[in-house]
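The structure appears below as structure tokens.
Chain A is the first sequence line, chain B the second, and so forth, proteins listed ahead of strands; every chain is numbered from 1.
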Number of protein chains: 4
Amino acid sequence: MTPSPARRGELLATAAEVFAAQGYNATTVRKIADEAGMLAGSLYYHFDSKESILDEILSTFLDELWQGYDEVLAAGLGPRETIEALVTESFREIDRHRAAVAIYQKESRHLAKQERFAYLVESQQKFEKAWLGTLERGVAAQVFRSDLDIRLTYRFVRDTVWVAASWYRPGGQHSPEEIARQYLSMVLDGIAVRT
Amino acid sequence: MTPSPARRGELLATAAEVFAAQGYNATTVRKIADEAGMLAGSLYYHFDSKESILDEILSTFLDELWQGYDEVLAAGLGPRETIEALVTESFREIDRHRAAVAIYQKESRHLAKQERFAYLVESQQKFEKAWLGTLERGVAAQVFRSDLDIRLTYRFVRDTVWVAASWYRPGGQHSPEEIARQYLSMVLDGIAVRT
Amino acid sequence: MTPSPARRGELLATAAEVFAAQGYNATTVRKIADEAGMLAGSLYYHFDSKESILDEILSTFLDELWQGYDEVLAAGLGPRETIEALVTESFREIDRHRAAVAIYQKESRHLAKQERFAYLVESQQKFEKAWLGTLERGVAAQVFRSDLDIRLTYRFVRDTVWVAASWYRPGGQHSPEEIARQYLSMVLDGIAVRT
Amino acid sequence: MTPSPARRGELLATAAEVFAAQGYNATTVRKIADEAGMLAGSLYYHFDSKESILDEILSTFLDELWQGYDEVLAAGLGPRETIEALVTESFREIDRHRAAVAIYQKESRHLAKQERFAYLVESQQKFEKAWLGTLERGVAAQVFRSDLDIRLTYRFVRDTVWVAASWYRPGGQHSPEEIARQYLSMVLDGIAVRT
DNA sequence: AATGAATGAGACTTCATTCAT
DNA sequence: AATGAATGAAGTCTCATTCAT
């Protein structure tokens, strides 16, 4: 007999998978229910609405993400080490919450317009502050190049990490840590051979 | 009986803008019509269906993209120069077809399942062949690092370029060529200061 | 297997209150259960259906009402005294069954169409016979005015009494008997000062 | 070819009729559409929602009602004449808007809780002020009896008039003015023969 | 070229009801 | 007696699409 919170969790995972695969709008509540082996109406015993399912998926993910990030940011590491830790943590989150990350990527921009999803905007601002700040510290400390537009660099690093969610499959040949290592190597040192 | 091509073009541009901002599924035909200053039904004088609007936006974009790419690929450049030319050309396309690129990014994966959009799959395959091939040539020629997983590198470079469409605004402070130059600098040489 | 009659009675009272406040159709079985401190499904241990709850509320009320009315009608009073007694009895019923009366007022018309609630029609016919008959006797006996349309008078007196259920609150400053006295005074003698 | 406002008006009248007959909640949007000879979805070309149909029915009715009432109240009549004019005006409104009045009677109490229908509360307050005030003036001027509870009298007169909507059928044997005359006669002078 | 009105399929949601525990 | 979870029918609403004008 599965107790209630476990069932909710299962349903959320199922829903996240479907949202990620088809897009939130293109996903019907019936599709989720089918996947969960129940009727569409039955979902409403567990959740208020389709939107609240989405909400719970995203907020749960962001809560966990920030737990990891905050720990890193509080550790007092140097700029380069901070970037390395954040990227590694990010790939771990992608590993754990692949579906949620994919949804976040695809939907957050237009969801952010809604009152209910205001926390997406907040999160994105904290995000920017953390990364951009670290990069700036690194430039000041002459760890990162100063000849690049810093905002461009920020976007480059940020995108570089998160787009991975669109093709990443948990249980593939590379562990999240290995992918992080290679990504960091490219981002930090480039793909060209040094001459 | 054939409606004026100029009007069609305007309507396609309007539709692309709305699709990019809200997502294809979340965009109603009425929203497009509103934006174009007409009623929803009137769009059907110009187009067969909502889907055919999307189709025309994407295929027009890809046609132009491949015109540029094919020219680059036919020029007989070295691997590094080819990558540089492809990236630059890509940013030019983003500049010209920002909305179409954004739509492509968000929707191509699930559209590709439909017969009608089979060309998206073809294009993506040609794409992979061009980039991956160039990277392999580069590794062989000892221009690019050989210690990295080549598919990871491919995804890294590819995504890194195209996600830019999600934040790029034509007419901003950097020209597409300038952005390309900085991106290339990061991708090729990394963001870390050389020691 | 028969649940306790006391619990049934409480639940019926609770349900009646909610039906009266929100209307039968607008009342969900869950709302009743909430009010009773149980879950919706649990009501079905006590009752067959939502409709049977309504049925029991109304039929219980009408049974009691007719007990009182029949006593009055059997007492062999004169027409004026009969009207006085019926009105007084009516206000006593409103005092005892306020919710049921309010429901009856609002829902009886369309419920009457259903087989199950045929007794509402019967009751209404007996009702009309009792009141209209008494009024006619009164006109014949020159106790009531003969210059008025008798059906209009009937409706006037009937409605005037029962609508009171919509604002009456048990335990207010006037007893049912006092309200009956004032109503009768208005109905019989009018509100204008005699000249 | 019926121009748009006329069509709206027809649909509103149809909807009002159905709402009055079956109750707002028990009325399905499909029933209204059937009655209007269209499909359920088609109603949404003309109206935002089922609720907005109800809103428009009620507010249109109240607007017209208050136009009539305000004229009466501004005429500077004595208390008895004011009551007579208000009652007559009320029966005229019942004649014109029978369905709307019936809906108002049945639904206004619980609708009033919603923000959107706040005007029902306002109207009801103006209503009370107009009638109660007139009655008080009449008592002071010794035109109405002073031995009755004035609020009871107010409810008596108010209910007396409006419940008529529940049985009134336009085009019956009595004109609204004739019904008003008889009601006023009962209310003012009572139904008992004077001795 | 465009409007106004409607269609019809299908979406999300509600809710009375059932039933194993 | 009551819970927790689910069913299934039905309800409101949305939206791409059609078509006479």
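When each of D/Tyr24 and B/Glu51 is assigned the nucleotide of DNA chain F bearing its nearest heavy atom, the one mapping closer to the 5' terminus is D/Tyr24. Closest-nucleotide positions on DNA chain E for B/Gly41 and C/Arg30 were compared, and the one nearer the 5' end corresponds to B/Gly41. Both D/Ala40 and A/His46 lie near DNA chain F, and the one whose nearest nucleotide falls closer to the 5' end is A/His46. In this structure, A/Tyr44 and C/Asp48 both approach DNA chain E, and ranking their closest nucleotides by distance from the 5' end singles out A/Tyr44.
Distance CD/D/Gln105 to NZ/C/Lys106: 11.0 Å, rounded to 0.5 Å.
Distance CG (B/Leu43) to P (F/dC19): 17 Å, rounded to an integer number of Å. Across the protein-nucleic acid pair, A/Phe47 atom CZ and F/dA5 atom C1' stand 13 Å apart, rounded to whole Å. Here F/dC15 presents its C1' atom at 15 Å from NZ of B/Lys31, a figure rounded to the nearest Å. With rounding to whole Å, B/Ile32 atom CD1 is found 10 Å from F/dT17 atom P. One atom, NZ of B/Lys50, and another, P of F/dT14, lie 15 Å apart when rounded to the nearest Å. Rounded to a whole Å, the CZ atom of D/Arg8 is 13 Å from the P atom of E/dA6. Whole-Å rounding puts the B/Phe19 CZ to F/dA16 C1' distance at 11 Å. As rounded to whole Å, 11 Å separates atom P of F/dC15 from atom CD of B/Gln22.
For the pair D/Lys50 and D/Tyr44, the cation-pi criterion (under 6.0 Å, within 45° of the ring axis) is not fulfilled.
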Task: Pair pattern of DNA chain E in dot-bracket, where unpaired bases get dots and | marks partners in another strand, Watson-Crick or G-U under 3.5 angstrom - done: .||||||||||||||||||||
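Relative to the side chain of C/Leu39, the nucleotides E/dG4, F/dG4, E/dC12 differ in distance, and F/dG4 lies closest.
Defined by atom type and a distance below 3.5 Å, a donor-acceptor pair is present between the side-chain atoms of D/Tyr119 and D/Asp55.
Among C/Glu122, C/His110, C/Glu51, the one residue that satisfies the side-chain contact (heavy atoms from CB on, under 4.5 Å) test with C/Phe117 is C/Glu51. Partner of B/Tyr104 under the side-chain contact (heavy atoms from CB on, under 4.5 Å) criterion, chosen from B/Leu58, B/Leu111, B/Ile57: B/Leu58.
For the pair B/Ala20 and B/Arg98, the tightest heavy-atom approach, listed with the atom from each and the gap, is CB-NH2, 4.4 Å.
Atom CZ of D/Arg96 is surrounded by more than 12 heavy atoms from other residues, nucleotides or ligands within 6.0 Å.
The shortest side-chain heavy-atom distance between B/Asp34 and B/Leu39 does not fall under the 4.5 Å cut-off.
Put simply, A/Arg7 has no side-chain N or O that comes within less than 4.0 Å of OP1 or OP2 on F/dG4. At the phosphate of E/dA5, OP1 or OP2 sits under 4.0 Å from a side-chain N or O atom of D/Tyr45. Using a 4.0 Å cut-off, some side-chain N or O of A/Ser42 falls inside it from OP1 or OP2 of F/dT7.
Among the heavy atoms of the strands lying under 4.0 Å from C/Thr27 are primed sugar atoms or P, OP1, OP2 only; no base atom is included. In this structure, C/Val29 reaches the bases: a heavy-atom distance under 4.0 Å links it to at least one base atom across the strands shown.
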